[in-house]
Each structure stands twice: as C-alpha cells, then as structure tokens.
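Each remark here refers to the structure printed beneath this line.
Worth knowing before you read on, the calculation uses all heavy atoms, side chains too, and leaves out hydrogens, waters and symmetry mates. Per chain, numbering begins at 1; letters A, B, ... match sequence-line order.
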There are 2 protein chains.
Amino acid sequence: MDKIKDILVNKGISPSYHRMKILEYLVKNNNHPTADSIYRVLAPQIPTLSKTTIYNTLKTFVSKGIISSFAGLNQELHYDYKFEPHVHFFCRKCQRIFDLAEPFDCFKDKSIEGHLVLSHQINLEGICHNCLQDEGE
Amino acid sequence: MDKIKDILVNKGISPSYHRMKILEYLVKNNNHPTADSIYRVLAPQIPTLSKTTIYNTLKTFVSKGIISSFAGLNQELHYDYKFEPHVHFFCRKCQRIFDLAEPFDCFKDKSIEGHLVLSHQINLEGICHNCLQDEGE
DNA sequence: TTACATTTTTGTAATGATTACAAATTTATA
DNA sequence: TATAAATTTGTAATCATTACAAAAATGTAA
Ligand SMILES: [Mn+2]
Ligand SMILES: [Mn+2]
Ligand SMILES: [Zn+2]
Ligand SMILES: [Zn+2]
C-alpha cells in the first residue's frame with residue numbers, strides 16, 4: 001500500500017519494510033492491538049521479525065503522532081490508529097475494546113480550572129452486547 | 001480513628017492495624033498514591049511493614065469497593081478513596097493527578113449502543129495550572 | 001493459661017510487559 | 001566497492017505486580 005508509505009514519509013519516518021507492515025496492520029485492523037498481539041499476527045508472515053522492533057516502532061509512531069496509546073484493563077498498552085477523539089468501551093467479560101460513535105464535546109473548551117487540556121480519554125467499562133446475549137441463554 | 005475502623009467492619013474486613021493505617025492514609029491524603037508511594041510514607045512509621053501487605057491490602061479494598069484504582073501515565077496503578085465519579089487531570093510536567101469538580105453526567109444513561117455500562121472514567125491530560133505559571137517565568 | 005486453628009503479615013522468588021544496549025544486518029552514499 | 005548511517009535483532013535488565021510458603025499474630029476452647 002502506497003497510502004501507508006505516505007503516512008510515514010509525511011511524518012519524516014523512513015518507510016522500512018517492518019515499519020510499513022506494522023502500520024499497515026494498525027490501519028487495516030481497528031482492534032486496539034497490543035505489542036504482543038501484533039507480534040503474534042505478523043511474526044509468522046515475517047519470520048525474522050523481532051518483538052523489540054515492534055516496541056521500538058510503536059513508540060516511534062506514538063511520539064510522531066501517527067497513533068495513540070492507552071492502558072487497557074490489564075495495564076497493557078493498546079494502540080489505536082483512529083485519531084478523532086472517541087470513546088472506548090472495555091468489556092469485562094471478553095476483554096474486547098469497542099469504539100463508540102457517541103458524539104462527544106464536553107471538553108471542547110481547552111482550559112478547565114486553570115489547567116491546559118491537551119488531550120482526553122473517555123473509558124467506559126461493562127458488559128458488551130455480545131456477552132450480554134451469551135448471558136441470556 | 002474509629003471512622004476508619006467502621007469503614008472496614010462495614011465491608012466485612014477485619015480491621016487489622018496495617019489495614020487501618022493504609023486506609024487512613026488513603027482517606028486523609030487525596031493524592032492518588034501508588035502502592036510504592038504509600039510504602040515510602042508508611043514504612044518509616046511501621047518498620048515491619050512489607051510491600052506485599054500493601055499490595056494485598058489495596059487489592060482487597062478495591063475488590064470490596066472501598067477504593068478504586070486506575071492506570072496512570074506510566075502504567076502504574078493509582079488508588080483513590082473518593083468514590084463519586086469524577087474527572088482526573090494528569091499533568092505531563094509534574095506528573096501529578098488532580099480531581100476536577102467538573103459536573104459530569106454524559107453517561108447517566110446506562111446502556112449505550114447495546115453495551116451495558118457499569119462504570120466510566122474520564123481522563124484529561126495536559127499542563128496543570130502550577131506548571132503553566134512556572135513556564136511563564 | 002495452654003493447645004490448636006485461623007488469620008494476617010512477611011520475605012523471597014516468579015511473572016510479564018517494557019526498555020537498554022550492543023552486535024549484526026541492511027541501506028544509503030561516495 | 002568501500003564506508004557511513006540507519007535499522008533490526010537478541011539478550012539481559014528493569015520495574016510493577018503476584019504467587020507462595022514460612023513466620024507471626026490473633027482468636028478460641030479446654
Ligand atoms: Mn479506538
Ligand atoms: Mn480522584
Ligand atoms: Zn464482551
Ligand atoms: Zn504540573
């Protein structure tokens with residue numbers, strides 16, 4: 001994908017093969033992966049891939065503002081290519097993380113009680129609709 | 001403090017000395033401590049105190065609903081005695097965590113897009129008012 | 001009080017995610 | 001090609017947290 005390469009070049013990151021594959025995974029799969037879950041998917045395809053490369057690459061992407069990261073229920077870092085601020089829902093049963101389309105502008109104003117707000121994160125926790133159905137049976 | 005003891009007894013936790021001291025610290029200091037920061041304060045006063053006891057105790061308190069916990073910027077768990085849902089502000093400079101009095105009822109409704117919402121967490125990130133002043137000099 | 005069971009606490013070792021670091025490999029450049 | 005720079009790898013270290021078994025404290029019955 002040339003779109004992937006462009007994203008990297010535009011941010012001043014040279015588009016190595018590994019970096020492109022990792023970013024491609026993030027762009028195509030909106031599943032809030034961890035470093036380890038990316039590794040489990042990509043390692044079979046790229047036999048020489050090292051987990052350190054994944055950590056390094058993700059850190060670079062975050063610092064350049066290509067992706068964002070957040071702590072999951074288990075203190076493991078999850079990564080997200082989607083950049084519009086959006087709400088995350090954590091399911092306590094299946095541990096999956098859902099994006100909510102919920103429109104959200106409570107913090108449009110960027111200064112609250114004297115603090116300068118640069119970013120925000122809204123996390124909901126509960127039982128997802130799939131797990132609710134399973135319970136019903 | 002007898003108030004501390006009552007909190008424990010009401011939740012079915014026997015009020016041992018260590019548990020009371022740890023809960024007292026949480027109730028009196030609204031500073032979102034970590035297990036380690038509690039240890040650094042209490043260990044000098046209670047020479048035999050073990051860090052494992054702190055971890056065990058905090059875990060018990062969370063599971064019994066006496067305190068809540070959340071991941072900080074550095075993936076370390078912070079603990080909070082305050083129970084009304086409230087907004088947290090993380091300062092990127094001084095790493096401190098502030099409670100915001102911001103009234104907040106966007107998620108009063110407990111079912112969103114089919115998911116059952118049991119709890120929520122709003123985290124803001126930026127530069128706190130103290131650090132903003134320091135920058136101004 | 002003593003003897004025994006239960007609870008609490010301790011200390012050390014294990015775990016698991018992440019990072020540091022130096023060597024090896026690849027890529028770019030002259 | 002030769003050399004320098006960038007990238008990747010593999011291993012070891014770090015750090016928060018947990019597991020676990022022994023030690024200490026507490027409760028209870030005789
Ligand atoms: Mn998302
Ligand atoms: Mn708080
Ligand atoms: Zn679920
Ligand atoms: Zn600050």
Between P of C/dA13 and NZ of B/K51, the distance in whole Å | 16 Å
Here the distance between atom C1' of C/dT26 and atom CD1 of A/I46, to the nearest Å, is 15 Å
State whether B/D36 and B/K51 are salt-bridged, where the test is any N-O pair (Lys NZ or Arg NE/NH1/NH2 against Asp/Glu carboxylate O) under 4.0 Å.
-> yes
Measuring from A/S50:OG to A/H18:NE2, what's the distance to the nearest 0.5 Å?
-> 9.0 Å
Decide whether B/H120 and A/N123 meet the rule of one side-chain donor and one side-chain acceptor closer than 3.5 Å.
-> no
Taking the six-membered ring for Trp, is the centroid-to-centroid distance between A/H88 and A/F70 below 6.0 Å?
-> yes
Whole-Å distance, A/N74 CG to C/dT18 C1', equals 14 Å
Base, sugar-phosphate, or nothing for B/T34, non-hydrogen atoms under 4.0 angstrom?
-> nothing
Taking CD1 from B/I22 and C1' from C/dT8, how many angstroms apart are they, rounded to a whole number?
-> 12 Å
Considering just the side-chain nitrogens and oxygens of A/Y55, establish if one lies under 4.0 Å of OP1 or OP2 belonging to C/dT19.
-> no
Given C/dT10, is OP1 or OP2 found less than 4.0 Å from the side-chain N or O atoms of B/H18?
-> yes
Please report, rounded to the nearest Å, how far the C1' atom of C/dT10 is from the CG atom of B/L49.
-> 10 Å
Are the side chain of B/D80 and the backbone N or O of B/K82 linked by a donor-acceptor pair below 3.5 Å?
-> yes
In whole Å, what is the span from the OH atom of A/Y39 to the P atom of C/dA17?
-> 13 Å
Quick one: is B/S16 getting a side-chain N or O under 4.0 Å of the C/dT9 phosphate, OP1 or OP2?
-> yes
Walk along DNA chain D from 5' to 3' and tell me the first and last nucleotide with an atom closer than 4.0 Å to a non-hydrogen atom of chain A.
-> D/dT7 to D/dT17
Could you tell me whether a side-chain N or O of B/S37 sits under 3.5 Å from a main-chain N or O of B/P33, the two making a donor and an acceptor?
-> no
Closer to the 5' end of DNA chain D via nearest nucleotide, is it B/L77 or B/N56?
-> B/L77
Distance-only side-chain donor-acceptor flag, B/Y79 / B/N31, under 3.5 Å | no
